[in-house]
Protein chains: 2
Amino acid sequence: MSKDSPNADSRAKNVTTPALPNNARQRRSSDQVTLSQVAQAAGVSPITASRALNYPDKVSDSARRSVLQAVENLGYVPNLVAGSLASSRSRLIAVIVPSLINSVFVEVIKGLQETLEAEGYQILLGNTDYDLDREYQLVRTFLGWSCSALVTAGLRHNSACHTLLANWDHPIMEVMELGKGMDLNVGLDHVAAGRCMASHLIDKGYRHIVYVGARLAQDYRASMRFDGHKAVLKEKGFDAPLLELDTLGSLQAGAEGLAQVLAQHPHTQAIHFANDDLAAGALLAAQRQGLNVPGDIAIAGFNGLPLGQQVTPQLTTILSPREEMGRLAAKELIRRLGGKNVYRRQHDVGFTLQIGGST
Amino acid sequence: MSKDSPNADSRAKNVTTPALPNNARQRRSSDQVTLSQVAQAAGVSPITASRALNYPDKVSDSARRSVLQAVENLGYVPNLVAGSLASSRSRLIAVIVPSLINSVFVEVIKGLQETLEAEGYQILLGNTDYDLDREYQLVRTFLGWSCSALVTAGLRHNSACHTLLANWDHPIMEVMELGKGMDLNVGLDHVAAGRCMASHLIDKGYRHIVYVGARLAQDYRASMRFDGHKAVLKEKGFDAPLLELDTLGSLQAGAEGLAQVLAQHPHTQAIHFANDDLAAGALLAAQRQGLNVPGDIAIAGFNGLPLGQQVTPQLTTILSPREEMGRLAAKELIRRLGGKNVYRRQHDVGFTLQIGGST
DNA sequence: AAAACAAATGGTAGCGCTATCATGACAGCG
DNA sequence: CGCTGTCATGATAGCGCTACCATTTGTTTT
């Protein structure tokens with residue numbers, strides 16, 4: 001076949017192509033209904049259709065009605081990606097927690113979620129597994145989604161993350177612990193909580209008290225509680241031994257912690273556990289071994305998990321308002337996102353010493 | 001001042017303005033670094049910069065290096081919204097669960113999350129509170145984000161939701177229960193699980209067995225387990241009374257359930273609880289009341305929560321592989337998203353009867 | 001040596017929506 | 001009656017990125 005005599009097909013191409021100024025390409029992947037189609041069906045312009053959906057009182061009743069009708073008829077689903085790009089507002093809230101195993105964070109998420117979802121925000125969830133570099137990566141990704149705000153557990157970040165967030169011009173909410181954060185902060189004073197429980201144990205007459213935590217470098221809030229605990233004991237002139245477990249907090253680990261304390265510190269009268277999972281695990285293990293709680297050994301926890309309230313004797317613990325923390329954080333964010341003035345950047349949700357029969 | 005003799009300033013304006021064809025508006029809200037700036041700094045075209053980041057082996061080593069360097073220098077954070085709009089791929093996975101209070105769903109999320117995040121997907125989290133209309137709303141919203149896939153707990157949806165999903169051309173993963181779903185499915189057979197536990201109780205010699213659940217209309221999987229339970233009891237010629245609590249499953253509710261069963265069915269020998277929270281609550285309550293388990297009353301649960309393993313006697317339960325369910329669901333989704341063939345749409349993760357001392 | 005091919009890069013045109021400005025209609029007012 | 005102000009609507013031009021094609025250069029094949 002000579003190249004001078006192209007076949008009909010290629011000639012057809014050569015003839016039709018110049019008709020269009022450039023080759024008109026087709027990129028639309030799906031057959032998704034667009035706002036323009038809705039607008040056309042409703043007999044209005046695309047921008048009016050947009051307004052009818054986003055600012056209903058900016059359009060006439062008739063326009064609004066016909067747009068909504070068209071949406072219904074065509075089964076239109078707004079493309080939020082396009083909307084966000086155009087408006088640089090996404091109604092996404094990034095939530096970054098260090099763990100999903102630990103029910104404490106889940107309860108905070110729950111509080112956040114119910115409040116934010118009611119206001120039409122969606123949650124983008126990230127889990128750092130207690131790794132600050134991972135946190136940085138997640139923050140980067142989430143900023144890329146033009147999130148309306150970011151919630152993160154804790155006040156500690158690596159320097160890259162800090163820089164990134166400091167230059168970000170949206171609300172940042174740091175939850176769990178109380179302190180001077182980057183922007184907004186809702187939490188409780190963990191050092192004070194540790195002091196509170198230590199004081200309680202001393203008031204009860206215990207002198208040989210061991211603090212048991214798990215992976216304190218990661219769960220640094222537990223280590224802040226230990227700081228408070230230690231300070232009180234030092235003030236009273238007592239030793240403050242620490243036992244650190246290598247496994248993450250769980251019932252199983254609590255049983256292990258009890259065994260180690262009994263082995264290493266046989267005179268121990270009371271154990272102050274970093275959380276209720278550990279404490280309840282120790283309490284149940286003590287019972288299996290026939291130890292009397294608090295007679296042989298007193299046990300205290302932290303968090304006020306339901307489990308601790310149901311065991312016998314009831315676990316002495318410090319009740320932290322976790323869902324409330326989430327809800328308050330969400331409310332404050334919403335205030336801020338609504339352009340309201342923020343009077344306080346720091347919110348102390350407090351805690352309650354709950355004295356059970358275990359001490 | 002006559003209007004014919006404008007001052008120098010306004011004349012300057014009048015002179016400069018016509019130079020631009022139309023008034024050049026400025027929309028860029030933030031001073032965010034864009035890919036074009038990165039490209040310029042790297043001395044390549046924007047599209048090459050894009051490729052360097054998204055398809056590193058499609059560009060030369062030198063180009064890749066200089067782009068990455070420029071990214072670093074300028075602190076560029078990719079705008080994922082823009083990228084998603086252009087490519088209609090978002091690397092977002094919608095995850096819709098009925099509850100965050102129930103730790104079972106959280107564990108599934110955990111399994112999903114760790115697997116998906118490792119592959120660079122982000123989770124958009126939604127909570128229906130067991131409301132199918134709410135589910136529909138969430139699905140609509142999430143489809144608007146051009147999610148890469150959607151994970152939802154359960155096979156039941158309202159008709160609008162069903163239609164919407166049926167016309168959606170991305171993978172859909174329905175988890176928790178096993179059955180013919182819309183697309184992919186990873187779960188376990190709840191009827192069989194109910195049968196399994198009922199058979200165990202009968203084998204143990206119990207005849208008067210009550211099933212206790214909470215809000216079965218919502219937690220319909222618990223009611224499927226009851227169906228299995230009932231079927232077995234009927235086959236053996238026994239009655240299968242059901243007690244339905246009005247509060248959601250919790251330790252507290254379990255204690256309440258025990259009290260009601262003892263009041264309404266005094267001859268009851270065994271209680272088959274819909275889940276471990278209820279069962280453990282009842283077990284702990286029984287102990288507080290001085291009842292012997294299983295002597296006075298046998299107690300069984302479902303899920304295999306750690307709590308049930310730590311109480312004495314250990315709770316007889318059915319172990320459901322929840323994190324595994326999440327991980328498997330995520331893996332199958334990733335296979336599918338990677339364009340791999342799917343050999344099986346249904347995956348049975350199974351369950352294990354775990355016999356403790358409580359029956 | 002010419003032709004065919006692959007690899008690297010770039011120009012262009014959107015993705016679907018909304019911010020911005022412009023316009024036309026209509027009321028109020030001196 | 002013209003002037004200003006409000007309201008509803010529309011035309012236009014991006015948001016920042018990537019798909020698509022075209023082009024260039026270097027490498028292999030016949």
Side-chain angles (χ1 to χ4, degrees), chain A residues 3 13 17 20-40 42-67 71 76-91 143-146, chain B residues 17 20-40 42-67 71 76-91 143-146:
Chain A
K3 57 188 166 179
K13 255 184 226 150
T17 308
L20 298 166
N22 279 315
N23 37 0
R25 283 178 249 139
Q26 197 61 24
R27 280 268 297 282
R28 299 209 45 242
S29 48
S30 63
D31 48 359
Q32 208 196 320
V33 180
T34 70
L35 188 59
S36 294
Q37 293 172 37
V38 170
Q40 193 163 27
V44 298
S45 73
I47 186 66
T48 300
S50 168
R51 278 193 276 252
L53 296 176
N54 295 306
Y55 308 94
D57 41 321
K58 292 266 178 194
V59 299
S60 66
D61 282 8
S62 68
R64 177 160 10 91
R65 263 197 304 275
S66 50
V67 168
V71 165
Y76 170 68
V77 176
N79 185 328
L80 300 174
V81 179
S84 297
L85 181 60
S87 67
S88 54
R89 282 183 281 99
S90 72
R91 297 191 84 80
L143 296 203
W145 280 109
S146 335
Chain B
T17 309
L20 298 167
N22 280 316
N23 38 359
R25 282 180 250 140
Q26 197 60 25
R27 280 267 297 283
R28 300 209 45 242
S29 47
S30 63
D31 47 0
Q32 209 195 318
V33 180
T34 69
L35 187 59
S36 294
Q37 293 172 36
V38 170
Q40 194 162 26
V44 298
S45 72
I47 185 68
T48 299
S50 168
R51 277 193 278 253
L53 297 175
N54 295 306
Y55 307 95
D57 41 319
K58 293 265 176 196
V59 299
S60 65
D61 283 6
S62 69
R64 177 159 12 89
R65 262 196 304 276
S66 51
V67 168
V71 165
Y76 171 67
V77 176
N79 185 328
L80 300 174
V81 179
S84 297
L85 180 60
S87 67
S88 53
R89 282 182 282 99
S90 72
R91 296 190 86 79
L143 296 204
W145 279 108
S146 335

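Protein chains get the first letters and strands the later ones, always in sequence-line order, with residue 1 at the start of each.
Note: CG (A:L53) to C1' (C:dA19) measures 17 Å, nearest angstrom. Computed from coordinates, the B:Y55 OH to C:dT9 C1' distance equals 16 Å when rounded to whole Å. The nearest whole Å value for the distance from the CG atom in B:L35 to the C1' atom in D:dC15 is 14 Å. Put simply, CG on A:D61 is 13 Å from C1' on D:dC7, counting in whole angstrom units. Whole-Å rounding puts the B:L143 CG to C:dC17 P distance at 14 Å. At whole-Å resolution of the value, CD in A:Q32 and P in C:dC15 are 12 Å apart. Rounded to whole Å, the distance from CH2 on A:W145 to C1' on D:dG16 is 13 Å. When rounded to the nearest whole Å, the span between CG of A:L85 and C1' of D:dA13 equals 13 Å.
Of the candidates D:dC15, D:dC17, C:dT9, the closest approach to any side-chain atom of B:T48 belongs to C:dT9. Taking every side-chain heavy atom of B:R51 into account, C:dG10 is the closest of C:dC17, C:dA19, C:dG10. Checked against C:dG16, C:dG10, D:dT9, the side chain of A:A63 finds its nearest nucleotide in D:dT9. For B:S45, the side-chain atoms get nearest to C:dG10 when compared with the rest of D:dT18, C:dG10, D:dG16. Of all nucleotides listed (D:dT9, C:dG16, D:dC20), C:dG16 comes nearest to the side chain of A:T34. When the nucleotides C:dT9, C:dG16, D:dA11 are ranked by their closest atom to the side chain of A:I47, D:dA11 comes out on top.
Between the side chain of B:Q32 and the backbone N or O of B:Y76, no donor-acceptor pair lies under 3.5 Å. Checking side-chain atoms of A:S66 against main-chain N and O of A:A63 turns up a donor-acceptor pair under 3.5 Å.
An OP1 or OP2 oxygen of D:dT18 is reached within less than 4.0 angstrom by a side-chain nitrogen or oxygen of B:N54. Residue B:Y76 places at least one side-chain N or O under 4.0 Å from the OP1 or OP2 atom of D:dC17. Within the structure, every side-chain polar atom (N or O) of A:S50 is placed at least 4.0 Å from both OP1 and OP2 of C:dC17.
Here the straight-line distance linking atom CZ of B:R91 with atom CH2 of A:W145 works out to 10.5 Å at 0.5 Å rounding. To the nearest 0.5 angstrom, B:I47 atom CD1 is 10.5 Å from B:S36 atom OG. Here CZ of A:R51 is found 5.0 Å from OG1 of A:T48. Values are rounded to the nearest 0.5 Å.
Backbone-only engagement by A:R89 is indicated by non-hydrogen atom pairs under 4.0 Å involving sugar-phosphate atoms exclusively. Counting non-hydrogen atoms under 4.0 angstrom, A:V44 reaches the backbone sugars and phosphates but no base.
Both B:S60 and B:A82 lie near DNA chain C, and the one whose nearest nucleotide falls closer to the 5' end is B:S60.
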